[in-house]
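Reviewing the structure listed below.
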Amino acid sequence: MEVGAANFQWRLPRLRGRLRRAAFLALDMEFTGLHSTFPQNNEPSLFDSPAERYLKARQSVQRFTVTQLGLAIFSNENSNKYVVHVYNFFLFPSTLGVTDVEFTLSASSIQFLSHYGFDYNKFLKDGIPYMNEVQEKILSQHLLAGSWKVSSVLDRDVLKKAIDEVTCWIAAAEEEETMILQDLSGYQMFEVQLVLRQALQNVWTQPLGDKKVMVKKVSPQHRQLLENSPSDCCQKEFILLSARGFTNLFQTLVKAKKPLVGHNMLMDLMHLHDKFYQPLPESYEEFKRNIHNLFPVLIDTKTVTKSIWKQCPFPRVSNLLEVYAVLCSSNLNPKDPTCPVIDLASDCSRYAEKKSPHEAGYDAFLCGSVLLRSAHLLLCRSTDDAVEADPSFSHYLTVLAVYLNKVNVIRGGVSSINFSGEDVPCQHPPLLVVHVRGWPGLNERQIYQEFKALCRFDVRWLSKNQFILLSNKFNHVRRVLRDYRHHPHLRVSVYRHWRHSPRVNCLLQVSGIVALWSLLAFVLGGAPCCSF
């Protein structure tokens with residue numbers, strides 16, 4: 001089901017009810033870009049510590065924005081049957097008042113989403129507004145101070161036209177006479193009313209719906225009475241409610257404390273924090289604490305399926321749609337009566353008939369389905385006895401306990417970020433050191449290109465004419481050591497800290513110099529004198 005700004009408010013109460021009754025929630029997001037190329041060397045690397053990876057990703061999250069958020073609400077209706085309500089929310093940053101968000105578009109990401117049918121008109125024209133707590137505080141302060149400012153050039157043109165119409169009309173109008181302003185959309189309905197009320201003390205405004213605002217000429221006394229009315233739509237609380245937009249649903253999601261499921265969900269979590277909660281902090285540890293407080297139970301299906309793939313003889317696939325297809329295969333637990341039944345709600349039934357990869361709602365549905373099937377597979381393998389009839393979701397959470405709050409990291413110094421504890425370093429193959437001879441001016445990029453044809457390594461400069469290589473595959477290490485044994489310019493060997501570390505070498509050199517000076521001092525000035 002698609003939800004935009006035009007129908008979000010009236011869907012919100014039912015959405016909140018379904019969130020509260022859900023067994024768990026699955027989430028997916030699409031962005032205007034994924035990895036920023038500014039500054040340079042911002043690409044993910046196997047050398048990255050969790051904190052380094054977070055800072056790299058933080059720069060990307062600050063530059064890009066969310067175009068679509070998919071939410072799949074899995075409700076355990078009865079026994080082992082799950083009914084799924086799927087939503088595609090088109091989002092666009094709030095532009096109300098002083099807020100004017102800047103964001104970047106990545107050409108490759110835009111092209112990628114366009115290829116899969118993403119509708120950018122819905123993103124731009126009907127995107128649900130949202131703001132984080134800092135942006136809301138700024139807007140609130142300006143509302144209290146009455147210092148209203150219209151950011152959009154388009155809205156300024158609309159406002160100018162409306163003010164001209166009202167100014168011409170009011171000069172000849174009688175008290176209690178009215179006129180209608182038409183073709184106002186979104187925030188223009190608020191902004192026209194606020195600006196008119198601020199500029200003219202003898203008018204009152206009231207929205208009529210269908211992009212119309214009524215303007216009435218009133219006496220100052222009548223105006224004062226109307227301003228104190230609790231039903232006035234231009235009161236601060238109503239304006240903030242509209243400006244918060246999707247953030248209202250995000251706050252319900254946080255309060256519900258339901259297990260939140262995603263696939264490779266680190267960037268999703270960072271955008272959730274930055275766009276709907278607070279700007280991302282500089283501290284990696286603070287980010288982890290905040291996310292854990294917001295979402296105490298996280299499940300990354302990439303983390304879960306990576307482990308299952310090691311235990312079971314399945315085809316090695318990583319694409320979410322392929323993972324789903326493998327887990328749904330009839331060869332897997334054939335005719336198992338206890339396997340969870342997943343039914344799409346009637347208004348989402350198109351996903352049962354047609355694949356829609358990289359549509360956020362569809363990918364969220366795949367995430368939740370992969371979780372249930374993976375959990376059932378783990379439950380079957382964890383016991384020698386037959387699985388009890390109709391296992392509950394709490395049974396699945398028990399077998400998933402080892403994976404909870406461990407969010408996958410793509411090519412990093414850790415395999416996953418543990419949001420409820422310490423991060424565990426990866427067991428990578430040994431580092432290799434490349435010593436360059438007779439090939440001056442070689443840099444990291446050229447070294448990377450040299451080995452790229454053979455296998456994939458991440459490269460870091462070590463010292464003059466020396467580079468470190470790191471891979472996540474042991475066979476790549478063995479291949480390079482074998483094939484570069486007799487290379488005329490590159491000598492490759494296993495990295496030994498005591499031998500290759502510049503710090504250790506510097507320490508050894510300093511220690512050697514100190515020892516030499518001590519020996520010289522002893523020989524030249526420390527020998528005892530003889531007396532006769």
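A donor atom on one side chain and an acceptor atom on the other are found under 3.5 Å apart for N264 and N408. With 3.5 Å as the limit, one finds a donor-acceptor pair spanning the side chains of S420 and N418. E359 and N88 are linked by a side-chain donor-acceptor pair at a separation below 3.5 angstrom, with hydrogens and angles left out of the test. Checking D363 against H263 by side-chain atom types alone, no donor-acceptor pair falls below 3.5 Å. Between the side chains of T252 and R16, at least one donor-acceptor pair of N or O atoms lies under 3.5 Å. Under 3.5 Å, the side chains of T398 and H395 contain no donor-acceptor pair of N or O atoms. For the residue pair S75 / Y82, no side-chain donor-acceptor distance below 3.5 Å is found, with atom types taken as modelled.
A salt bridge is defined here as a Lys NZ or Arg NE, NH1 or NH2 lying under 4.0 Å from an Asp or Glu carboxylate O, and R460 with E444 fails to meet this definition. A salt bridge is defined here as a Lys NZ or Arg NE, NH1 or NH2 lying under 4.0 Å from an Asp or Glu carboxylate O, and K288 with D423 meets this definition. With respect to D343 and K81, a salt bridge is recorded, a charged nitrogen being found less than 4.0 Å from a carboxylate O.
Nearest heavy atom pair, residue P279 against residue H273, reads O-CE1, 3.8 Å. L344 and V86 make their closest contact through CD2-CG2, 3.8 Å (heavy atoms, listed as atom of the first residue, atom of the second, distance). The two residues P44 and H35 make their nearest non-hydrogen contact at CG-CE1, 3.8 Å. When all heavy atoms of V399 and A375 are compared, the pair lying nearest together is CG2-O, 3.7 Å. In terms of heavy-atom proximity, P281 sits nearest to R58 at O-NE, 3.1 Å. Scanning both residues, S374 and T305, for their nearest heavy atoms gives OG-CG2, 3.8 Å.
Note that the CZ atom of R289 and the OG atom of S283 stand 5.5 Å from one another [nearest 0.5 Å]. Note that CG of L320 is 10.5 Å distant from CZ of F365, once rounded to the nearest 0.5 Å.
When L249, L241, N7 are each tested for a side chain to side chain contact (heavy atoms under 4.5 Å, CB included) with L12, only one passes: L249.
Under a cut-off of 6.0 angstrom, the local environment of CD in E102 is sparse, with at most 12 non-hydrogen atoms contributed by other residues, nucleotides or ligands. In the displayed structure, K306 atom NZ is contacted under 6.0 Å by more than 12 heavy atoms of other residues, nucleotides or ligands. At most 12 non-hydrogen atoms from other residues, nucleotides or ligands lie less than 6.0 angstrom from CD of E282.
In this structure, Y116 has its ring center under 6.0 Å from that of F112. Here Y351 and Y362 bring their ring centres to under 6.0 angstrom of each other. Taking the six-membered ring wherever Trp is involved, the centroid distance between the rings of F90 and F118 falls below 6.0 Å. In this structure, the ring of F74 has its center less than 6.0 angstrom from the ring center of F24. Aromatic pair Y130/F276: centroids less than 6.0 angstrom apart.
A donor-acceptor pair is defined here as one N or O able to donate and one able to accept, closer than 3.5 Å; no such pair exists between the side chain of S242 and the backbone of I239. Checked by atom type and distance alone, the side chain of R479 pairs as donor or acceptor with a backbone atom of L454 at under 3.5 Å. Put simply, the side chain of D126 gets close to the backbone of A5: a donor and an acceptor are under 3.5 Å apart. Counting only distance, with no hydrogens or angles, the side chain of T67 and the backbone of E30 share a donor-acceptor pair below 3.5 Å. Between the H476 side chain and the F457 main chain, no donor and acceptor come within less than 3.5 Å of each other. At least one donor-acceptor pair under 3.5 Å links the side chain of T301 to the backbone N or O of G262.
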Go through the steps for K56 and D48 under the test salt bridge (charged side-chain N to carboxylate O under 4.0 Å, His left out), then give the verdict.
CA-CA 9 Å; K56 285 183 177 181; D48 291 342; 3.0 Å; yes
Could you please spell out the steps behind the side chain to side chain donor-acceptor pair (under 3.5 Å) verdict for Y403 and S307?
CA-CA 9 Å; Y403 308 108; S307 175; 2.8 Å; yes
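The side-chain tip of R11 does not point at the ring of F8 from less than 6.0 angstrom away and within 45° of straight on.
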